[in-house]
Amino acid sequence: MRAEDWDARYAGSQQWSEGPNALVAGLLAGLPPGEAVDLAAGEGRHALWLAGLGWQVTAVDFSATGLARGRARPGADRVRWVTADVLTWAAPEGSLDLVLVAYLHLPQVDTTGLLRRAVGWLRPGGRLLVLGHDADNVAHGVGGPQDPAILHSVERLAPVAALLEVDRLEQVRRETPAGTALDTLLWGRAPARPVGARG
Ligand SMILES: C[S@@+](CC[C@H](N)C(=O)[O-])C[C@H]1O[C@@H](n2cnc3c(N)ncnc32)[C@H](O)[C@@H]1O
């Protein structure tokens, strides 16, 4: 979907819950606050929640209408809101403690390229959290985009995981009112020196 399509969707009504996804909250709640980027932040549910915990958060999305919903929420002044295409936007190398990418679905070549760049933005020990619909969700889950080509899987995220010290790379179940949805989770840390570096 293009930015205009997302703007139209956000203009209609609020799309996502106000609070964070439960798995995202469970993984991040115990971390010491630092500098974070929420890529494809949408209405900013995760950026706002992280800012409330003391994180310095930049929320990036190409839908100005989605970000405007976040900007209107309490605590929004603690978040830096950036309207930009995540495929061209960049953070300084080695500057972040966390990159969060929740439910961003792009063609695989774009996803892999974006996440490879995002790993480079992390400080040693900085965290990458990727969560989104799994390709199996189309046949065996509920909701979400129905084009398997843009969905995640353990295999598709493996090239990015290879750059990290991985804590979790797996398919996870998410209970919804409509039934069980299948997501893919990648949760890892940037190594002290890049994987594959010598000397
Ligand atoms: C399903 S929503 C998820 C929003 C948010 N991460 C969340 O979990 O609530 C997907 C978001 O990706 C954004 N998006 C899609 N492609 C993008 C791109 N190339 N650059 C920036 N944002 C993009 C859309 O505007 C939309 O807000």
Side-chain angles (χ1 to χ4, degrees), residues 1-106 110-111 114-133 143-145 174 176 183 185-190:
M1 285 168 66
R2 300 164 307 157
E4 307 88 90
D5 301 322
W6 278 105
D7 279 342
R9 191 166 165 184
Y10 284 123
S13 63
Q14 180 178 322
Q15 295 296 310
W16 323 113
S17 62
E18 294 206 349
N21 168 280
L23 180 54
V24 169
L27 292 170
L28 299 185
L31 295 184
E35 290 184 50
V37 164
D38 182 3
L39 284 178
E43 294 156 321
R45 59 177 173 155
H46 296 120
L48 289 159
W49 174 76
L50 284 166
L53 295 177
W55 288 78
Q56 283 182 268
V57 190
T58 300
V60 185
D61 201 290
F62 66 9
S63 171
T65 310
L67 292 181
R69 284 189 178 274
R71 276 198 176 103
R73 296 261 313 277
D77 55 337
R78 288 185 294 218
V79 175
R80 180 176 162 239
W81 304 92
V82 176
T83 306
D85 189 326
V86 296
L87 297 178
T88 52
W89 185 86
E93 293 287 306
S95 64
L96 298 173
D97 301 292
L98 171 67
V99 176
L100 169 63
V101 190
Y103 299 99
L104 172 64
H105 298 105
L106 301 170
D110 291 336
T111 297
L114 171 65
L115 296 179
R116 280 184 191 276
R117 289 196 303 122
V119 170
W121 305 337
L122 295 171
R123 298 188 170 121
R127 297 277 185 166
L128 176 68
L129 198 175
V130 181
L131 181 66
H133 300 285
R174 178 169 44 86
T176 81
D183 290 346
L185 168 69
L186 171 58
W187 173 231
R189 284 160 285 130

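Starting from 1, each residue takes its place in the sequence as its number. Below, each value reflects all heavy atoms present in this structure, side chains not excepted, and no hydrogens, waters or symmetry copies.
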Quiz prompt | Residues Leu106, Leu87; criterion side chain to side chain contact (heavy atoms under 4.5 Å, CB included); working and verdict | solution = CA-CA 10 Å; Leu106 301 170; Leu87 297 178; 3.9 Å; yes
Practice problem: Take Asn21 and Arg45 through the side chain to side chain contact (heavy atoms under 4.5 Å, CB included) test and state the conclusion after the steps. | Solution: CA-CA 9 Å; Asn21 168 280; Arg45 59 177 173 155; 4.2 Å; yes
Self-check item: Among Leu186, Val101, Leu185, the one residue meeting side-chain contact (heavy atoms from CB on, under 4.5 Å) with Leu129
Solution: Leu185
Quiz item: Does the side chain to side chain contact (heavy atoms under 4.5 Å, CB included) test come out yes or no for Leu27 and Leu131, once each step is laid out?
Solution: CA-CA 11 Å; Leu27 292 170; Leu131 181 66; over 6 Å; no
Taking C-beta and beyond as the side chain, do [X] and [Y] meet within less than 4.5 Å on heavy atoms?
X      : Y      : answer
Leu114 : Trp89  : no
Glu35  : Arg123 : yes
Trp121 : Glu93  : yes
Leu28  : Trp55  : no

Gap separating the [atom1] atom of [X] from the [atom2] atom of [Y], nearest 0.5 angstrom:
X      : Y      : atom1 : atom2 : result
His46  : Leu100 : NE2   : CG    : 6.0 Å
Arg78  : Leu48  : CZ    : CG    : 8.5 Å
Tyr10  : Asp61  : OH    : CG    : 5.5 Å
Leu115 : Leu104 : CG    : CG    : 8.0 Å

Quiz item: How far apart are the closest heavy atoms of Asp7 and Ser63, and which atoms are they?
Solution: OD1-OG, 2.6 Å
Exercise. For residues Val57 and Ala51, report the shortest heavy-atom separation together with the two atoms involved.
Key: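 Looking at all heavy atoms of both residues, the shortest contact is CG2-N, 3.8 Å.
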Quiz prompt | His133 backbone acceptor or donor facing His105 side chain under 3.5 Å | solution = yes
Quiz item: Are the side chain of Asp97 and the backbone N or O of Ala36 linked by a donor-acceptor pair below 3.5 Å?
Solution: no
Self-check item: With sequence neighbours excluded, residues passing side-chain contact (heavy atoms from CB on, under 4.5 Å) with Phe62
Solution: Ala3, Trp6, Asp85
